[in-house]
Amino acid sequence: VQLQASGGGLVQAGGSLRLSCAASGRFFSRYNMGWFRQAPGKERDFVSAISRSGGSTNYADSVKGRFTISRDNDENTVYLQMNSLKLEDTAVYYCAADWAILSKAPGSTRSEYEYWGQGTQVTVSS
């Protein structure tokens, strides 16, 4: 599967953005999907993940209540709605796919994801 993230940009603190990740290839509905982010000089950290059907989601504590992950399996796309953005949300955001032939909970570690998109920059200004 190939992943293409989009929707990043410059936004003021308190604002919102919606990221999209379009997947090409077959069997999108058999992948758990995740979002990670990497700020300059820092590790790539988990943000959120969603199961194949969308029935199970997982969030980092730092974004709970502000970010919402969703997916449209008919459109082969996963979304990350980001509200109440803070300066510390500034990072390059990456989407990732984890092949889940059997149903499993969406993971929160980088090693669980086999496929990665190119990233989209999110910059939050004061």
Within one Ile-Leu-Val-Met-Phe-Trp-Tyr cluster: [X] and [Y], side-chain cutoff 4.5 Å:
X     : Y      : value
Val47 : Tyr115 : yes
Leu19 : Leu87  : yes
Val78 : Tyr59  : yes
Leu10 : Val92  : no
Val1  : Tyr113 : no

Closest contact, heavy atoms only, [X] versus [Y]:
X      : Y      : result
Arg52  : Ala100 : NH1-O, 2.8 Å
Ala5   : Gln118 : O-NE2, 2.9 Å
Gly107 : Ala49  : O-CB, 3.4 Å
Ala22  : Thr77  : CA-OG1, 4.1 Å

Counting only N and O atoms by type, is there a donor-acceptor contact under 3.5 Å from the side chain of [X] to the main-chain atoms of [Y]?
X      : Y      : value
Arg30  : Arg26  : no
Glu114 : Trp99  : yes
Arg44  : Arg110 : no
Asn32  : Lys104 : yes
Ser20  : Tyr79  : no

Hey, could you give me the [atom1]/[atom2] distance between [X] and [Y], rounded to the nearest 0.5 Å?
X     : Y     : atom1 : atom2 : result
Ile50 : Asp98 : CD1   : CG    : 13.5 Å
Ile69 : Gln81 : CD1   : CD    : 12.0 Å
Arg71 : Cys21 : CZ    : SG    : 10.0 Å
Ser24 : Gln2  : OG    : CD    : 4.5 Å
Met33 : Ser51 : CE    : OG    : 12.0 Å
Lys86 : Ser84 : NZ    : OG    : 8.0 Å

Any side-chain donor near an acceptor of the partner, Ser6 and Gln4, under 3.5 Å: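 No donor-acceptor contact under 3.5 Å links the two side chains.
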CD of Glu43: more than 12 outside heavy atoms within 6.0 angstrom?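 Counting neighbours around CD of Glu43, 12 or fewer heavy atoms of other residues, nucleotides or ligands fall under 6.0 Å, so no.
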Only one of Phe67, Tyr93, Phe36, Trp35 forms a ring pair (Phe, Tyr, Trp, His ring centres under 6.0 Å) with Phe46, so which one is it?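 That would be Phe36.
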Identify which one of Asp89, Thr120, Thr90 satisfies the side chain to side chain contact (heavy atoms under 4.5 Å, CB included) criterion when paired with Arg37.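 Among the candidates, only Asp89 passes.
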